Amino acid sequence: MNTDIITAEDLIVQSEGFLVSEMDGEKVMLNIESGKYYNLGRIGGRIWELAESPISVTGMVEQLVAEYEIEPDTCRQQVERFVNQLATEGLIRVTRAE
């Protein structure tokens with residue numbers, strides 16, 4: 001698992017082995033192996049959906065700014081923090097930009 005800081009151009013994609021469900025409009029997931037439970041919330045759930053296929057942080061930010069009322073810089077900072085947490089937990093895989 002690579003837990004270095006994820007850059008804007010690195011590609012991220014969902015890791016496998018999670019059951020994901022929607023509860024009251026929020027994404028919740030269960031790690032099948034560890035039994036650990038995560039509540040991603042609404043925006044975190046949208047980030048999870050975007051990571052279904054490999055996508056860069058920049059691509060995610062562009063998509064989220066188009067969908068929600070948020071400043072691009074604020075969005076980028078929050079997305080970077082969130083995806084770094086996901087990477088630390090092993091919930092996403094990161095491919096370094098060349």
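Numbers for residues simply follow the sequence, beginning at 1. Being a predicted model, the structure only gives us computed values, none of them experimental.
Both V83 and Y68 sit in one connected hydrophobic cluster of ILVMFWY residues. Membership requires side-chain heavy atoms under 4.5 Å apart, directly or through other members.
Atom CD of E16 sits about 11.0 Å away from atom CD of E33, to the nearest 0.5 Å. Between the CZ atom in R93 and the CD1 atom in I12 there is a gap of 11.5 Å [rounded to 0.5 Å]. In this structure, CG on L91 lies 4.5 Å from CZ on F18, to the nearest 0.5 angstrom. To the nearest 0.5 Å, the span separating CZ on R81 from CD1 on I6 amounts to 13.5 Å. Going from atom CD of Q78 over to atom CD1 of I47 covers 8.5 Å, rounded to the nearest 0.5 Å. The line from CD of E80 to CG of D10 is 10.0 Å long, rounded to the nearest 0.5 Å.
Residue pairs satisfying the side-chain hydrogen bond (donor to acceptor under 3.5 Å, both in side chains) criterion with at least one member in residues 19-28, sequence neighbours excluded, are listed as follows: E22-K27, E26-N39, K27-E49.
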Evaluation steps, side-chain contact (heavy atoms from CB on, under 4.5 Å), between I92 and W48
CA-CA 9 Å; I92 59 170; W48 179 257; 4.2 Å; yes

For L40 and F82, what are the C-alpha separation, side-chain angles and deciding distance, and is it a side-chain contact (heavy atoms from CB on, under 4.5 Å)?
CA-CA 10 Å; L40 301 179; F82 187 72; 4.0 Å; yes

T95 and V13: CA distance, side-chain angles, deciding distance, side-chain contact (heavy atoms from CB on, under 4.5 Å) verdict
CA-CA 8 Å; T95 303; V13 68; 5.9 Å; no

R46 vs Q63, test: side-chain contact (heavy atoms from CB on, under 4.5 Å). Steps then yes/no.
CA-CA 10 Å; R46 182 64 182 126; Q63 185 66 39; 3.9 Å; yes

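Judged by distance alone, the side chains of Q85 and E89 never bring a donor and an acceptor atom under 3.5 Å apart.
Taking 4.5 Å as the limit, some side-chain heavy atom of C75 sits within range of a side-chain heavy atom of I70. In this structure, V28 and Y38 have side chains that are not in contact, with every pair of non-hydrogen atoms separated by 4.5 Å or more. Looking at T58 and E9, their side chains come closer than 4.5 Å, going by heavy atoms from C-beta outward.
Minimum heavy-atom separation, S15 to G90: OG-O, 3.0 Å. Counting all heavy atoms, side chain and backbone alike, P72 lies closest to V65 at CA-CG2, 3.8 Å.
No donor-acceptor pair under 3.5 Å is formed between the side chain of S56 and the backbone N or O of L11.
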